[in-house]
Protein chains: 4
Amino acid sequence: MSAVNAVDSLPERIVRAAVKLFAGKGFHGTSMRAIAGAAGVSIGAIYHHFSSKDDVFLAILRQEYERRRVAVEELRAQGLPPREMVQRVARLHFELLGRHQDSVKILSHTLPREHPRLHRQLQALEEEFAGHVARLLEEGMRAGEIRECHAWTAAHALLGMARAVTARALGDDKLATELRQRGPEELAELAWRGLRP
Amino acid sequence: MSAVNAVDSLPERIVRAAVKLFAGKGFHGTSMRAIAGAAGVSIGAIYHHFSSKDDVFLAILRQEYERRRVAVEELRAQGLPPREMVQRVARLHFELLGRHQDSVKILSHTLPREHPRLHRQLQALEEEFAGHVARLLEEGMRAGEIRECHAWTAAHALLGMARAVTARALGDDKLATELRQRGPEELAELAWRGLRP
Amino acid sequence: MSAVNAVDSLPERIVRAAVKLFAGKGFHGTSMRAIAGAAGVSIGAIYHHFSSKDDVFLAILRQEYERRRVAVEELRAQGLPPREMVQRVARLHFELLGRHQDSVKILSHTLPREHPRLHRQLQALEEEFAGHVARLLEEGMRAGEIRECHAWTAAHALLGMARAVTARALGDDKLATELRQRGPEELAELAWRGLRP
Amino acid sequence: MSAVNAVDSLPERIVRAAVKLFAGKGFHGTSMRAIAGAAGVSIGAIYHHFSSKDDVFLAILRQEYERRRVAVEELRAQGLPPREMVQRVARLHFELLGRHQDSVKILSHTLPREHPRLHRQLQALEEEFAGHVARLLEEGMRAGEIRECHAWTAAHALLGMARAVTARALGDDKLATELRQRGPEELAELAWRGLRP
DNA sequence: CATGAATGAGACTTCATTCAT
DNA sequence: AATGAATGAAGTCTCATTCAT
């Protein structure tokens with residue numbers, strides 16, 4: 001029993017079930033009862049580990065943005081040439097899409113403005129991530145390897161274009177398939193041409 | 001009184017109130033009771049003109065995408081050089097932001113996945129708009145004035161970067177102010193450099 | 001125009017539409033809007049000729065019980081032997097079923113207890129009709145051609161058995177078909193054997 | 001308090017309250033709020049035990065038809081002579097009327113055609129019960145102790161006459177009192193004379 | 001006579017959350 | 001730590017009826 005719980009703690013089970021449901025039916029379309037059922041735990045158990053439904057959602061957001069932060073840290077640590085770096089950031093969403101499709105869906109589609117507290121926290125997480133990218137760009141500019149421009153605009157633009165294309169690529173029609181194949185390279189090219197000196 | 005009503009039909013009053021509320025509190029954060037109160041009409045009156053809450057939301061979406069469609073039509077009619085065209089599309093969101101801030105907020109923040117019907121219709125509207133842009137780009141490619149690339153990826157990327165930057169520019173902090181000032185030009189430059197031959 | 005209205009007055013159109021709808025969807029399942037739509041008139045027009053939805057329903061009930069009253073009057077006027085008379089009353093519902101299926105459905109299935117006023121009036125109409133039958137039976141007893149029994153019990157029993165069998169015969173399955181064929185004779189026989197001296 | 005609750009579970013309290021209200025005001029005249037109030041529980045508690053208002057109604061119907069099924073089973077088990085059996089079935093409604101007046105009211109007066117699902121289920125329950133009676137009659141015919149006739153017609157007729165008389169006997173006027181006194185015997189006699197060889 | 005836009009009470013139902021066990 | 005029965009506010013929507021035109 002302890003071995004099982006070690007790889008599959010109760011909070012983890014809850015979050016995993018919640019991610020699937022939020023991705024599929026959205027925040028308001030997912031009830032605590034549904035999460036409890038999908039996770040195979042009681043409703044009370046969820047409230048034992050999370051203070052509210054918002055808190056479950058936030059846990060997911062934090063997890064997801066932590067993944068992005070780590071990815072950017074790694075990029076920076078590798079000391080790649082700016083060109084490579086810009087292109088990799090542009091491709092980042094696609095890579096995460098491959099590994100964490102449900103989480104990406106949540107970020108792409110659900111901005112629950114109806115919860116001021118959630119909304120503020122989500123914005124803070126986005127801002128933090130955009131900040132990492134902006135700093136990357138500023139370093140490139142100082143090194144003369146990225147053209148002079150407004151780093152924050154460029155950072156938000158970079159992330160916005162990536163998000164829009166991955167969001168469209170989530171479907172299962174012909175264009176979605178095409179976007180999943182050509183999207184990463186096209187985006188990388190677009191970003192680099194837009195930012196090179 | 002009759003003069004006021006003449007320019008201010010009941011459905012218009014309802015939509016105007018709904019836009020404000022949806023933009024401020026989101027779809028689920030806005031109740032029919034609240035819309036009725038803000039519009040100064042009875043709940044029943046809303047249902048006399050719209051078949052459901054979804055229908056009110058859709059009316060707003062259609063109105064907003066109609067504005068975009070018209071804007072793109074006008075661009076094309078002017079026969080501008082591709083460079084100008086690409087830059088104007090990149091600036092489009094900002095121009096609409098100035099005139100219809102609440103509507104832009106709705107488009108930037110609310111994709112109600114919890115309503116399959118709404119979700120599908122919103123995607124269709126987005127797709128249609130992206131299609132207009134993609135066609136614009138393809139014409140530019142045929143004329144050799146835009147570099148060869150995957151038009152649909154570029155179209156979604158163009159719109160995605162514009163949306164992300166305008167969304168961030170909605171706030172009232174220092175960065176938001178900066179983005180509203182420099183965003184349009186920065187975006188236009190980024191887009192053109194990314195797409196020129 | 002007057003010629004058309006002569007055979008198809010507005011109140012008649014309304015009642016005819018209402019009968020169909022009440023029979024198919026019940027009293028609460030039928031809205032005034034639906035009646036207006038089916039009759040091809042405005043809602044206001046209905047209120048011009050009937051004081052309320054209840055009033056429309058009552059008009060149908062009165063019409064239907066009038067048919068029954070007339071049928072019993074005719075029976076009595078023919079001075080048939082009691083055997084024949086009892087059997088004909090037993091068959092009465094079936095004959096009306098053939099000609100006025102929707103009205104019979106309403107009487108068989110809808111006793112809107114939720115409307116005290118309607119309920120009382122419907123009971124009064126039923127009572128009046130049962131009274132006609134009871135009197136028929138009492139006359140037969142006085143003539144020694146029907147066995148002595150409690151006429152009102154027998155009258156309600158006679159009508160109740162006929163209603164139950166016709167109600168079941170309204171369906172379209174095998175048993176319903178059988179009941180429509182054999183029901184009238186079976187009922188007539190059952191009634192006569194139960195009541196003959 | 002625990003002793004009281006032991007014999008009076010929450011679902012039982014809800015059903016008991018609902019029976020009284022449905023019998024007095026009908027299905028549509030009874031709101032969930034009213035049931036909750038009468039049962040002394042919250043509205044949510046009702047939905048915790050029943051999936052819908054229809055479900056509460058169905059629970060009552062099932063309970064009532066179960067009583068009838070048991071009564072007929074017992075009749076058959078006693079191996080009474082057919083005459084006795086037919087007369088007892090004819091009296092059955094009256095006996096149940098004495099013990100469960102409200103439930104009988106519901107069955108006598110409410111056939112909610114407006115709810116297709118409820119309607120179908122009620123018909124199924126009625127059909128099942130009529131089937132028990134029809135089988136009883138067929139056994140009598142095979143034994144030569146009931147005249148040859150269409151068993152299903154006779155079964156529906158038997159139940160229909162009993163229902164009609166008991167329905168009229170529910171009132172508190174002079175005739176209702178008379179029917180409660182003489183009805184059982186009169187019905188029993190009528191049924192036996194109609195069905196004996 | 002006729003219209004149909006407007007009313008607003010009230011219906012059923014859902015759901016996040018609590019708490020006694 | 002865990003359960004799940006119970007709560008009740010709040011949600012969307014329907015509908016008989018009215019009344020200005």
Side-chain angles (χ1 to χ4, degrees), chain A residues 5 10-11 27-37 40-57 114-115, chain B residues 2 5 9-11 14 27-37 39-56 115, chain C residues 5 10-11 27-37 40-57 114-115, chain D residues 2 5 9-11 14 27-37 39-56 115:
Chain A
N5 282 345
L10 210 143
F27 183 79
H28 282 94
T30 301
S31 67
M32 290 299 264
R33 185 181 302 264
I35 296 173
V41 302
S42 68
I43 290 180
I46 300 182
Y47 279 93
H48 201 78
H49 294 281
F50 302 90
S51 63
S52 66
K53 187 184 179 185
D54 288 14
D55 199 32
V56 176
F57 194 79
E114 30 264 358
H115 286 248
Chain B
S2 64
N5 283 343
S9 79
L10 206 144
I14 293 168
F27 183 81
H28 284 96
T30 301
S31 67
M32 291 300 263
R33 189 180 310 269
I35 297 174
V41 301
S42 68
I43 290 181
I46 301 181
Y47 282 94
H48 192 75
H49 294 283
F50 302 90
S51 62
S52 65
K53 188 183 177 184
D54 288 16
D55 199 34
V56 176
H115 286 249
Chain C
N5 281 344
L10 210 145
F27 184 79
H28 282 93
T30 301
S31 66
M32 291 298 264
R33 186 181 302 264
I35 297 174
V41 303
S42 69
I43 290 180
I46 301 181
Y47 280 93
H48 201 78
H49 294 281
F50 302 90
S51 64
S52 66
K53 188 184 178 185
D54 288 15
D55 198 33
V56 176
F57 194 79
E114 30 265 357
H115 285 250
Chain D
S2 66
N5 282 345
S9 79
L10 207 144
I14 292 167
F27 183 81
H28 284 95
T30 301
S31 68
M32 291 300 263
R33 187 181 309 267
I35 297 174
V41 302
S42 69
I43 289 181
I46 301 181
Y47 281 93
H48 192 74
H49 294 282
F50 302 89
S51 61
S52 65
K53 188 183 179 185
D54 287 15
D55 199 32
V56 176
H115 285 249

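Naming: A, B, ... by sequence-line order, numbering from 1 per chain.
- Between A:Phe27 and A:Phe57, the ring planes are perpendicular. Angles over 60° get that label, and only those under 30° would be called parallel.
- Nearest nucleotide to the B:Ala45 side chain, out of F:dG8, E:dC15, E:dT7: E:dT7.
- Rounded to the nearest 0.5 Å, atoms CD1 (D:Ile14) and CD1 (D:Ile35) are 9.0 Å apart.
- Taking atom CD1 on C:Ile46 and atom C1' on E:dA2, their separation rounds to 12 Å, with Å as the unit.
- In this structure, C:Ile35 places its CD1 atom 11 Å from C1' of F:dA16, rounding to the nearest Å.
- Taking 4.0 angstrom as the limit, C:His48 places none of its side-chain polar atoms (N or O) nearer than this to OP1 or OP2 of E:dC1.
- Between C:His49 and E:dC1 there is no side-chain N or O to OP1 or OP2 distance below 4.0 Å.
- As rounded to whole Å, 16 Å separates atom C1' of E:dA16 from atom CZ of A:Phe50.
- Atom pair B:His28:NE2 and F:dA9:P shows a separation of 22 Å (rounding to whole Å applied).
- Comparing C:Thr30 and D:Gly40 by the nucleotide of DNA chain F that holds the closest heavy atom to each, the one mapping nearer the 5' end is D:Gly40.
- Between B:Lys53 and B:His28, the closest heavy-atom pair is NZ-CA, 4.1 Å.
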Per-pair distances, 0.1 Å, donor-acceptor, side chain in residues 40-52 of chain C, under 3.5 Å, sequence neighbours excluded:
residue: C:Ser42; atom: OG; partner: C:Ala45; partner atom: N; Å: 3.1
residue: C:Ser52; atom: OG; partner: C:Asp54; partner atom: N; Å: 3.4
residue: C:Ser52; atom: OG; partner: C:Asp55; partner atom: N; Å: 3.2

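- A gap of 23 Å separates the P atoms of F:dT21 and E:dC1, to the nearest Å.
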Hey, what are the protein-to-nucleotides 17-21 of chain E N/O distances that come in under 3.5 Å?
residue: E:dT17; atom: OP2; partner: A:Tyr47; partner atom: OH; Å: 2.9
residue: E:dT17; atom: OP2; partner: A:Lys53; partner atom: N; Å: 3.0
residue: E:dT17; atom: O5'; partner: A:Tyr47; partner atom: OH; Å: 3.4

For this session: Return one dot-bracket line describing DNA chain E 5' to 3' (Watson-Crick or G-U wobble pairs, both distances under 3.5 Å; ( ) same strand, [ ] crossing, | another strand, . none).
Result: .||||||||||||||||||||

